[in-house]
Amino acid sequence: MDMQALREEQMEKASQIVRVDDLGFEQPTLIAGADVGFEQGGDVTRAAIAVLRYPSLELVEYQIARIETQMPYIPGFLSFREYPALLKAWGMLQHRPQLVVVDGQGIAHPRRLGVASHFGLLADVPTIGVAKSRLCGQFAPLDDAAGALQPLNDKQEQIGWVWRSKARCNPLFISTGHRVSLPTALSFIQSCMLGYRLPEPTRWADAIASNRPAFQRWLLQDSDNRV
DNA sequence: GCGACAG
DNA sequence: ATCTTGTCGC
């Protein structure tokens, strides 16, 4: 693959990313979490999108899309590996979320186009990037207490936040995906917490993509409700 | 040249 | 990311 061409595509699309609030709603009614996993040694890419009601944060719908893996994982080029499956899952949704929390960086990326930004631009939906580790940028030492916050900076500009969502847990890396400002990205994620390290949209998407016990229990309860 | 490096 | 049991700490 032509890495230089991908790099230029990133820079071109990054210039289209909207970093200020252009949400299209006062308070959202439906939000979503998106996560991607892999099967069969990496040959199959699986994207899960969970739709939650806001602000109650109950799960109302989920979709799982599976496609043949298109690209290897290369740091800085994750979005090209993950967005095709994400777009497929997005197209399968019966509900239309007004904002999507994507597992990965938004503009906290060397060329300011992490997977959250890339997906948000292609789907034309407001997105926020929530990553579990750092890709680039620097930040001051973070206090141990839950709620500790530091700006994530790179080349004289703030590209995100480092936020300890829970005590004794590694911090989250939160950044603008698309059509959301940095302050809004942080406060919105803070309004999606229920006592765990990860915000609910991400937590549900992760549980669904990995078929976790919490998701299996929800499936049972849901089938009982339908009977 | 060397180290770092989302998922 | 994924492969996987027990184990340490609150």
Side-chain angles (χ1 to χ4, degrees), chain A residues 1 3 6-7 9-11 13-14 17 33-50 64-89 100-122 127-139 144-147 152-155 158-178 182 185 189 195-199 201-213:
Chain A
M1 68 201 89
M3 300 306 293
L6 293 184
R7 186 178 295 256
E9 183 177 343
Q10 288 181 326
M11 295 190 291
K13 284 178 171 161
I17 293 300
D35 190 23
V36 177
F38 299 87
E39 307 171 5
Q40 300 169 19
D43 293 341
V44 175
T45 300
R46 179 183 50 204
I49 295 185
I64 297 173
R66 299 173 75 251
I67 62 170
E68 186 181 335
T69 298
Q70 311 278 330
M71 284 254 307
Y73 168 64
I74 302 169
F77 297 86
L78 176 70
S79 69
F80 294 104
R81 175 172 165 86
E82 301 198 335
Y83 84 68
L86 286 173
L87 285 179
K88 182 177 178 184
V100 184
V101 180
V102 180
D103 185 352
Q105 314 289 355
I107 61 171
H109 175 281
R111 287 165 298 284
R112 308 295 182 259
L113 194 81
V115 61
S117 297
H118 203 158
F119 172 77
L121 183 68
L122 295 178
T127 59
I128 295 171
V130 176
K132 294 182 286 296
S133 63
R134 186 194 69 99
L135 173 60
C136 69
Q138 308 80 226
F139 59 99
D144 286 335
L152 179 64
N153 304 306
D154 188 37
K155 301 186 174 164
Q158 184 182 356
I159 57 175
W161 302 100
V162 185
W163 181 54
R164 196 180 305 283
S165 55
K166 185 177 180 180
R168 296 178 307 282
C169 290
N170 291 324
L172 265 26
F173 295 75
I174 301 168
S175 60
T176 292
H178 185 45
L182 279 175
I189 293 303
Y196 301 91
R197 181 198 179 204
L198 298 177
T202 306
R203 214 168 69 83
W204 272 114
D206 186 66
I208 292 163
S210 307
N211 206 30
R212 297 274 162 66

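Per chain, numbering begins at 1; letters A, B, ... match sequence-line order. Values in this document were obtained by computation on a predicted structure and should not be read as measured data. Values below: all heavy atoms of this structure, side chains included; hydrogens, waters and symmetry mates excluded.
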Dot-bracket for DNA chain C: what is it, with Watson-Crick or G-U pairs under 3.5 Å, [ ] where a pair crosses earlier ones, and | for a pair to another strand? ..........
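- Contact annotation: the side chain of A/P171 approaches that of A/F173 to within less than 4.5 Å [non-hydrogen atoms, C-beta and beyond].
- Atom pair A/D154:CG and B/dA6:P shows a separation of 14 Å (rounding to whole Å applied).
- In this structure, the side chains of A/T202 and A/D35 stay at 4.5 Å or more apart for every pair of heavy atoms.
- Put simply, the side chain of A/D206 reaches to within 4.5 Å of the side chain of A/R212, judged on heavy atoms.
- The distance between atom CG of A/D35 and atom P of B/dA6, rounded to the nearest whole Å, is 15 Å.
- If you check every strand for non-hydrogen atoms under 4.0 Å, A/G37 touches sugar and phosphate atoms only.
- Of the candidates B/dA4, B/dA6, C/dT2, C/dT2 carries the atom nearest the A/F38 side chain, counting heavy atoms from C-beta on.
- Counting only heavy atoms from C-beta outward, the side chains of A/L113 and A/Q105 never approach each other to under 4.5 Å.
- A straight line from CZ of A/F139 to P of B/dA6 spans 13 Å, rounded to a whole angstrom.
- Put simply, CD1 on A/I174 and CG on A/L182 are 10.0 Å apart, with the number rounded to the nearest 0.5 Å.
- Rounded to an integer number of Å, the gap from A/L135 CG to B/dC5 P is 9 Å.
- Proximity note for A/D103 (side chain, C-beta onward) versus B/dA6, B/dC5, B/dG7: the nearest is B/dG7.
- A centroid separation of less than 6.0 Å is found between the aromatic rings of A/F80 and A/H118.
- At a threshold of 4.5 Å between non-hydrogen side-chain atoms, the residues A/N153 and A/I159 do not count as touching.
- Interatomic distance, A/L172 CG to A/W161 CH2, rounded to the nearest 0.5 Å: 14.5 Å.
- We find that CD of A/E39 is positioned 15 Å from C1' of C/dC3, with the value rounded to whole Å.
- One interatomic measurement links the two molecules: CZ of A/R111 to P of B/dC5, which rounds to 16 Å at whole-angstrom precision.
- Here the CG-OG distance, from A/D154 to A/S175, works out to 11.5 Å after rounding to the nearest 0.5 Å.
- In this model, the phosphate group of B/dC5 is not approached by any side-chain N or O of A/S133 to a distance below 4.0 Å at OP1 or OP2.
- The two residues A/A116 and A/G104 come nearest to each other via the heavy atoms CB-O, 4.5 Å.
- Here A/F80 lies out of heavy-atom contact (under 4.0 Å) with every strand.
- Separating the CZ atom of A/R46 from the C1' atom of C/dT2 is a distance of 11 Å, rounded to the nearest angstrom.
- Evaluation of A/Y73 against the base of C/dA1 yields no stacking contact (centre distance < 5.5 Å, interplanar angle < 30° required).
- Residue A/G129 is classed as having no contact, given no heavy-atom separation below 4.0 Å to the nucleic acid.
- Atom pair A/D43:CG and C/dT2:P shows a separation of 14 Å (rounding to whole Å applied).
- Within residues 167-178 of chain A, no residue has a heavy atom under 4.0 Å from DNA chain B.
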